[in-house]
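One structure is given below, encoded as structure tokens.
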Protein chains: 2
Amino acid sequence: MPMRALFPVPHPFRSPSADTGGASPAFLPVGHDHAQCRRDALDKAEEQCRQHGARLTDIRRKVLDILWDDHRPISAYDILHRLNAQSAIDSPHSKPAAPPVVYRALDFLITHGLAHKLTSLNAFIGSAHPGRQHGAQFFICRSCHTVAEVRSARIGQEISAAAAVLGFEVQAPVVEVEGLCPACRPAHSAPCAGHDSACACGQSEP
Amino acid sequence: MPMRALFPVPHPFRSPSADTGGASPAFLPVGHDHAQCRRDALDKAEEQCRQHGARLTDIRRKVLDILWDDHRPISAYDILHRLNAQSAIDSPHSKPAAPPVVYRALDFLITHGLAHKLTSLNAFIGSAHPGRQHGAQFFICRSCHTVAEVRSARIGQEISAAAAVLGFEVQAPVVEVEGLCPACRPAHSAPCAGHDSACACGQSEP
DNA sequence: GATAATGATAATCATTATC
DNA sequence: GATAATGATTATCATTATC
């Protein structure tokens, strides 16, 4: 169970996201205007915060900006490194920030629906649906590390249904699916056969 | 995003698990014969390993046994502590084991389908379905920390369906749902209303 | 002898507590 | 905001058991 490095690979695709009923395309090609993505995200964040009387401070904005460097998740430490690298340039004599700076900013962003934590990676990503904290599912490419944020009503419904049978009250569903995005996927690999139908899986068992 | 302590609370319920099509009860009352649970788990593990030519060594067996102390997840460090506490009794002059000992044992157990990692908790739990690694979903009680391991074919299917639309090849789906188990759930709380249908959620947004 | 398992040390990463 | 403690995980290397 070695945890792969987070960003060693060049990425042919990027991932905005899709707001979908049954699910719709969420992996977009590299060619898209990412500067626009970033600007949109920042603008919406300003808007969000204004509406809720929350303060998008300098640090919080910088962290959000770093999250939007691309559509791939980034670890708290990598955020810290980038933050410090930049501030070393901007103000050469300033002290480097410490981890709590980043975690506090991330807490704020997550609380306000501007970012998500991907628990299976210990990494963070900008929210494709600012303001909506719940009900998203993440599809994570093991090869290029691109993430698609999706909202499948049906997945949510089936989780609710299973919970209902258990008598369980759902508070925070985590759905993070690792696999291969269309670009990294070998031409046409066979779908899962051997396992039972509960297994949404492309792997063979040992 | 404070990470709550893992086991501070007494647990009125325990959770074997259910192998379900549409999902079936998986939270069992405290009264069940847990010694039997544990024996079954260990026996099946021996069986599994014999079949696959894998070696269930002393350390691995001990870790598995600790995982089966109850039906609640346990952190790698807590496993380490228990391991060392016991060995301090058994052989007073032995050196305490170091973290890699535990992680290696856990890797083995997970690889052979005898344990699961709950990524949202950084904790581990014995597998209710030895040998089957994929396709399980976990319902985690935030109050008593009991976990129900469930296999809902429908959840798996909907994840597959969403993946298909994306052109995504599923390799390792992670579904971990935090909430309240039947025992800890206040008499009858209202279901989620305000959010869209993708949100299997009992919470209000800020 | 080859392969796999263990022991020991330490580095790094992740997160939280405290002042 | 800064300092520091704790927890989680991985890397490395030497040693030992098992096939």
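One interatomic measurement links the two molecules: CD1 of B:I110 to P of D:dT10, which rounds to 10 Å at whole-angstrom precision. Computed from coordinates, the A:R82 CZ to C:dC13 P distance equals 15 Å when rounded to whole Å. Look at CG on B:L118: it is 12 Å from P on D:dT9, rounded to the nearest Å. Taking atom OH on B:Y103 and atom C1' on D:dG7, their separation rounds to 8 Å, with Å as the unit. Rounded to whole Å, atom C1' of C:dT15 lies 15 Å from atom CG of A:D78. Distance A:L83 CG to D:dG1 C1': 14 Å, rounded to the nearest Å. In this structure, B:L80 atom CG and D:dT10 atom P are separated by 15 Å, rounded to whole Å. A:I79 places its CD1 atom 12 Å from the C1' atom of C:dA14, with the value rounded to the nearest Å.
What you find for B:A105 and B:I59 is that their closest heavy atoms are CB-CG2, 4.3 Å. Considering every non-hydrogen atom in both A:V177 and B:F168, the closest pair reads O-CZ, 3.6 Å.
Pairs of Watson-Crick or G-U wobble type, with distances under 3.5 Å, assemble into runs of 3 or more in DNA chain D at these ranges: C:1-19 with D:1-19.
Side-chain atoms of A:R60 never come within 3.5 Å of backbone atoms of A:L109 as a donor-acceptor pair (strictly under, hydrogens ignored). Using modelled atom types, no side-chain atom of B:E176 and backbone atom of B:V174 make a donor-acceptor pair closer than 3.5 Å. In this structure, the side chain of B:E149 engages the main chain of B:A128 through a donor-acceptor pair within 3.5 Å.
Ring to ring, B:H116 and B:F124 are not that close: their centroids are 6.0 angstrom or more apart.
Remark: A:R50 engages A:E47 in a salt bridge, criterion side-chain N to carboxylate O under 4.0 Å. For the pair B:D78 and B:R82, the salt-bridge criterion is not met [side-chain N within less than 4.0 Å of a carboxylate O].
A sub-4.0 Å separation between OP1 or OP2 of C:dA14 and a side-chain N or O of A:Y77 is absent. Look at B:N122 and you'll find a side-chain N or O under 4.0 angstrom from OP1 or OP2 of D:dT9. The shortest distance between the side-chain N/O atoms of A:S75 and the OP1/OP2 oxygens of C:dA14 is below 4.0 Å.
Nearest-nucleotide assignment on DNA chain D puts the 5′-proximal partner with A:P99, out of A:P99 and B:H81.
Between A:H71 and A:H34, the angle of the ring planes goes over 60°, which puts this pair in the perpendicular group of the 30/60° scheme.
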Identify the pairs formed between an N or O of the protein and an N or O of nucleotides 2-8 of chain C at a distance under 3.5 Å, and give each distance.
{"from": "C:dA5", "atom 1": "OP1", "to": "B:R60", "atom 2": "NH1", "distance (Å)": "3.2"}
{"from": "C:dA5", "atom 1": "OP1", "to": "B:R60", "atom 2": "NH2", "distance (Å)": "3.3"}
{"from": "C:dT6", "atom 1": "OP1", "to": "B:T57", "atom 2": "OG1", "distance (Å)": "2.8"}
{"from": "C:dG7", "atom 1": "N7", "to": "B:R104", "atom 2": "NH2", "distance (Å)": "2.7"}
{"from": "C:dG7", "atom 1": "O6", "to": "B:R104", "atom 2": "NH1", "distance (Å)": "3.3"}

